[in-house]
2 protein chains.
Amino acid sequence: MKYLLQDLKVRINEKIYIKDPESSALGKRIIEHSILMIQEVGFESFTFKKLGEKIGSNESSIYRYFENKHKLLLYLTSWYWGWLEYQLVFSTNSIANPEEKLKKAIEIITRSVKEDSSFSHINEVLLNKIVINEYSKSYLTKEVDEENKEGYFSIYKRLVMRLSDMIKEFDSQYQYSSSLSSTIIEGALHQHFLREHFPSLTDCNKNVTPTTYFMNLVFNSIKK
Amino acid sequence: MKYLLQDLKVRINEKIYIKDPESSALGKRIIEHSILMIQEVGFESFTFKKLGEKIGSNESSIYRYFENKHKLLLYLTSWYWGWLEYQLVFSTNSIANPEEKLKKAIEIITRSVKEDSSFSHINEVLLNKIVINEYSKSYLTKEVDEENKEGYFSIYKRLVMRLSDMIKEFDSQYQYSSSLSSTIIEGALHQHFLREHFPSLTDCNKNVTPTTYFMNLVFNSIKK
DNA sequence: CAAATTTAAAAGTAATACTATCAATTACTA
DNA sequence: TAGTAATTGATAGTATTACTTTTAAATTTG
């Protein structure tokens with residue numbers, strides 16, 4: 001898997017950035033250290049000025065890559081969903097049995113990332129944490145409809161639909177495959193968050209993972 | 001119901017505010033118009049300065065009630081959850097049958113608020129929309145653990161636990177009542193949001209409500 | 001090697017998120 | 001009902017954020 005991903009580039013909507021950060025050393029440094037910094041101080045306290053200082057570069061240089069930090073968040077989270085989508089497709093592609101396939105899909109989507117693997121400048125473990133803590137903020141805005149029209153969320157939407165399709169393939173009678181798919185993807189992030197910060201609101205802990213819970217939920221609720 | 005709620009005051013953790021907004025006319029105007037304004041411009045663009053202008057009062061006067069807009073959001077959402085909890089308890093209290101009780105609970109928690117009812121200065125319909133769009137932002141912060149310790153989320157937690165208890169009452173064998181409860185409460189907000197902004201990611205629409213979906217999900221997944 | 005592009009540095013602007021001071025108003029209390 | 005306390009409004013001020021602009025130096029590319 002590692003090897004296969006080596007040269008994969010996640011394709012991000014070009015309107016999200018001004019200049020492709022993958023196209024230069026500075027761009028890659030911006031991505032690398034923005035992940036470290038957002039994880040460290042949180043998205044609210046994160047600024048381009050601080051990031052500039054950290055990477056020994058100037059604020060204005062960063063603005064030539066991203067219009068603002070919201071767009072950078074869109075970039076990072078799009079990258080994450082694209083990376084996850086790749087894993088999903090790669091791992092389920094060869095599975096013919098719909099049940100097995102769906103099981104594998106849920107496993108990949110709900111597990112937490114524990115190994116920083118394939119991309120030199122992108123730490124997927126931290127990026128996973130950023131998605132858990134910050135992804136909602138990228139769409140819970142007044143501009144969501146415009147940005148959706150521009151296609152800023154298309155990778156995420158494609159992922160939800162892929163899982164939805166697998167649910168339908170497993171049980172063509174089930175009526176809520178899209179809602180269930182979006183519930184799993186969003187709900188998994190939420191359960192990971194609760195496990196960390198509100199343990200009394202979840203049954204997930206050291207032993208029980210969100211994967212266990214969602215696997216049980218899905219396979220009990222459909223195809224009875 | 002309306003009449004019964006008339007004199008109910010939702011009890012909010014005293015550390016959330018500096019001065020109780022229920023204790024003065026100005027305080028009530030702050031609450032009333034902050035709801036209108038946050039709904040109108042979104043939480044990010046909302047400022048105490050703008051609110052002051054709107055209500056013909058001074059920025060600094062608002063700061064005497066709330067430390068910052070984050071605390072105000074905590075106040076508003078706590079109030080909402082407290083109000084919802086009251087409805088839940090009131091409506092399910094007399095139901096003895098665990099299945100019926102749970103059904104009623106899910107209905108109350110997942111429905112959208114369509115009538116501005118009981119409190120003169122609080123518009124519950126708009127507040128419901130604010131909770132859908134902004135609630136996550138109140139806990140997806142670096143300060144969440146401290147604030148949780150201070151009890152800022154206790155009403156919400158109590159609500160999740162109440163629903164969790166009802167699930168357990170209905171099926172004592174089910175192992176994930178807390179996770180399921182938190183999934184329903186958070187997931188309902190999410191499905192309402194998707195219905196509005198990402199219709200392709202949900203099966204909820206004009207006819208199918210989040211209530212329909214969650215009712216199906218819950219009663220198929222437990223007590224088989 | 002020259003031209004084009006990219007980056008760094010510095011300075012500037014408007015808005016945000018407050019804090020402090022003081023005077024005017026209102027409320028409460030003896 | 002006068003006196004005191006509490007509340008509010010007005011003004012001003014600070015530090016930070018979220019940018020934009022300009023210019024010059026460095027780097028890349030053809």
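Quick note on labels: first sequence line is chain A, next is B, and so on, each numbered from 1.
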Practice item. Flag the pair E107(A) and K104(A) as a salt bridge only when some basic side-chain nitrogen lies within less than 4.0 angstrom of an acidic carboxylate oxygen. Key: yes

**Study point:** Where protein sits on nucleotides 24-30 of chain D, one letter per nucleotide: B base, S sugar-phosphate only, - none, heavy atoms under 4.0 Å
**Key:** -------

Revision key, fill the gap. Counting primed atoms, P, OP1 and OP2 as sugar-phosphate and everything else as base, the B/S/- map of nucleotides 8-25 of chain C against protein heavy atoms under 4.0 Å is BBB------SBBBB----

Review point. Do T110(A) and Y213(A) have a side chain donor and acceptor closer than 3.5 Å?
Key: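 Their side chains do not contain a donor-acceptor pair, so the 3.5 Å distance test is not met.
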
Practice item. For T212(A) and T209(A), test the side chains for any donor-to-acceptor distance below 3.5 angstrom and give the result as yes or no. Key: yes

Counting the benzene-type ring for Trp, do [X] and [Y] have ring centres under 6.0 Å apart?
X	Y	answer
F48(A)	F66(A)	no
Y156(A)	Y135(A)	yes
Y17(B)	Y65(B)	no

Check your understanding: Between Y65(B) and dT7(D), is there a side-chain N or O to OP1/OP2 distance below 4.0 Å?
Key ->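 No, no such contact exists.
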
Review point. Is there a side-chain polar atom (N or O) of S24(B) under 4.0 Å from OP1 or OP2 of dA6(D)?
Key: no

Review point. Pick from E146(B), E67(B), E150(B): which one makes a salt bridge (Lys or Arg N to Asp or Glu O under 4.0 Å) with K15(B)?
Key: E150(B)

Point to revise | Spacing between E53(B) atom CD and dT8(D) atom P, to the nearest angstrom | key: 19 Å

Review point. Under 3.5 Å, side chain of S178(B) to main-chain N/O of L201(A), donor-acceptor pair present?
Key: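 Here the side-chain-to-backbone pair does not exist.
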
